[in-house]
Amino acid sequence: MDRLNKGSQNYFGRLLAAACFMPFAASVVYFFVLDGSFLAKWVYLAAKIIILLLPVYVLGISKIKEFPKALKPDRQDILLGLLSALFIFILFYLLLHTPLWRFIEEGKTAVISKVNNFNIGRHFLLYSLIISFVHSMVEEYYWRWFVFGGLKKFFRGGAAHIMAALAFSLHHFVVCVYYFPLITAVILTFAVFCGGMLFSTLYNRKGLLPGAWIAHAAADICIFYAGVLLLK
């Protein structure tokens, strides 16, 4: 931060705001503007590359070198992550047996369309595993370590948690409203918001990511299992 703006928090704040909204803007493009186009998957890939590189630009190499410290294994942190994962799995199991699941099934056609657009149908299982375990860590690096960590410099108490979770939810709302009716999308986006609050709370305890990563991976596993059910 200091390297970029010579102590100016205003400049850092603008970059952080851009980081909060960039995934949302990109998701609008590859889900709606380019829907059905072969360019959609390339915009998606570009957005993921930006997620990796933007923190490097904003913070500088010296700060990025501190990131591995957040990956330090801690028994209590991992245990809380596993307990959170179990809670998420239980909630998902209950979802499968509630009327809300019937609304989710309405997204079947849209799910099949997007899987075909991204040409991942034959490799859906591999794609699911990569997103669940690798991409979830990338998102923890971006949303918790970088975005939430940055917001804590400006907001105290629960405000940073709420703002980070809202930013995290924005691009997920675009995804949800593409696949599902509006009311279902709103409910699912609220669930993502709650997930974001949980992940940042886990991270904030000790500044460690493994627990949040485990919980996030569990949520993604549930999402892709739902996708498998819809693709049948």
Any idea which heavy atoms bring Met22 and Ala47 closest together, and the distance? CE-O, 4.0 Å
Decide yes or no on side chain to side chain donor-acceptor pair (under 3.5 Å) for His172 and Thr189, but give the supporting numbers first. CA-CA 6 Å; His172 287 89; Thr189 303; over 6 Å; no
What pair of heavy atoms forms the shortest contact from Ile61 to Val56, and how long is it? CD1-CG1, 3.6 Å
Looking at every non-hydrogen atom in both residues, tell me the closest pair between Lys69 and Leu208 and how far apart they are. O-CD2, 3.5 Å
What about Val111 and Leu100, same hydrophobic cluster or not, with Ile/Leu/Val/Met/Phe/Trp/Tyr joined at side-chain heavy-atom distances under 4.5 Å? yes
How long is the straight-line distance from OG of Ser169 back to CD1 of Ile162, given to the nearest 0.5 Å? 11.5 Å
Spatial distance of atom CG (Leu166) from atom CZ (Phe24) [nearest 0.5 Å]: 12.5 Å
Value for NE2 (His161) from CZ (Phe148), rounded to nearest 0.5 Å, stands at 3.5 Å
Verify the cluster assignment for Tyr44 and Leu129: are they in a single hydrophobic cluster under the rule of side-chain heavy atoms below 4.5 Å apart? no
Could you tell me whether a side-chain N or O of Thr184 sits under 3.5 Å from a main-chain N or O of Phe180, the two making a donor and an acceptor? no
Of all heavy-atom pairs linking Asp35 and Lys114, the shortest is OD1-NZ, 3.1 Å
Calculate, to the nearest 0.5 Å, the distance between atoms CD1 and CG belonging to Ile120 and Leu125 respectively. 11.5 Å
Can you confirm if the aromatic rings of Phe193 and Phe168 lie within a centre distance of less than 6.0 Å? no
Could you tell me if the side chain of Val33 sits less than 4.5 Å from the side chain of Val43, heavy atoms only? no
Can you hop from Ile187 to Tyr93 via hydrophobic side chains spaced under 4.5 Å? no
Roughly how far, to the nearest 0.5 Å, is CZ of Phe21 from NE2 of His171? 13.0 Å
Heavy-atom check, side chain of Glu66 versus side chain of Leu59, under 4.5 Å: no
Using side-chain heavy atoms (C-beta onward) and a distance below 4.5 Å, is Phe38 in contact with Asn117? no
Any non-hydrogen side-chain atom of Leu45 less than 4.5 Å from a side-chain atom of Ile49? yes
Step through it carefully: locate the ring centre of Phe67, locate the ring centre of Trp145, and say whether they are under 6.0 Å apart. yes
Please examine the side chains of Leu202 and Arg144, heavy atoms only from C-beta on, and report whether any two atoms are closer than 4.5 Å. no
Of the non-hydrogen atoms in His135 and Lys48, which two are nearest, and what is the gap between them? NE2-NZ, 3.2 Å
Just wondering, do Leu126 and Ile130 contact through their side chains at under 4.5 Å, heavy atoms? yes
Group every Ile, Leu, Val, Met, Phe, Trp and Tyr by side-chain heavy-atom contacts under 4.5 Å, then state whether Val138 and Trp143 land in the same group. yes
Nearest 0.5 Å, please: how far is CG in Leu96 from CD1 in Ile104? 8.0 Å
Does a side-chain heavy-atom distance below 4.5 Å link Phe173 with Val186? yes
Whether over 12 other heavy atoms sit under 6.0 Å from Phe92 CZ: yes
Does Ile90 belong to the same Ile/Leu/Val/Met/Phe/Trp/Tyr cluster as Leu198, with side-chain heavy atoms less than 4.5 Å apart forming each link? no
Any heavy-atom pair between the side chains of Ile78 and Arg75 that's under 4.5 Å? no
Determine the minimum heavy-atom distance between Cys176 and Leu188, stating which atoms define it. SG-CB, 3.8 Å
Donor-acceptor pair, side chain of Tyr178 and main chain of Phe32, under 3.5 angstrom: no
The side-chain hydrogen bond (donor to acceptor under 3.5 Å, both in side chains) partners of Arg205 (sequence neighbours excluded) come to Gln76
Arg122 charged N/C atom sitting above Tyr127 aromatic ring, 6.0 Å / 45°: no
List, one per line, each side-chain donor-acceptor pair under 3.5 Å for residues 209-232, sequence neighbours excluded.
from   : atom 1 : to     : atom 2 : distance (Å)
Trp213 : NE1    : Phe133 : O      : 2.9
Trp213 : NE1    : Ser136 : OG     : 3.0
His216 : ND1    : Glu140 : OE2    : 2.6
His216 : NE2    : Glu139 : OE1    : 3.2

By salt bridge (Lys or Arg N to Asp or Glu O under 4.0 Å), Lys152 pairs with (sequence neighbours left out) none
Are Lys72 and Asp77 close enough, and set up right, to give a side chain to side chain contact (heavy atoms under 4.5 Å, CB included), and what steps lead you there? CA-CA 10 Å; Lys72 177 184 176 183; Asp77 177 59; over 6 Å; no
Taking everything shown except Trp101 itself, do over 12 heavy atoms lie less than 6.0 Å from its CH2? yes
So, Ser113 side chain and Thr109 main chain: donor-acceptor pair closer than 3.5 Å or not? no
Set out, in order, the CA-CA distance, both residues' side-chain angles and the distance that settles side chain to side chain contact (heavy atoms under 4.5 Å, CB included) for Leu86 and Leu82, then state yes or no. CA-CA 6 Å; Leu86 177 61; Leu82 290 171; over 6 Å; no
Give the C-alpha distance, both sets of side-chain angles, the deciding distance and a yes or no for side chain to side chain contact (heavy atoms under 4.5 Å, CB included) between Ile64 and Tyr141. CA-CA 10 Å; Ile64 290 296; Tyr141 151 78; 4.0 Å; yes
For Ala19, does its backbone N or O pair with a side-chain atom of Tyr142 as donor and acceptor, under 3.5 Å? yes
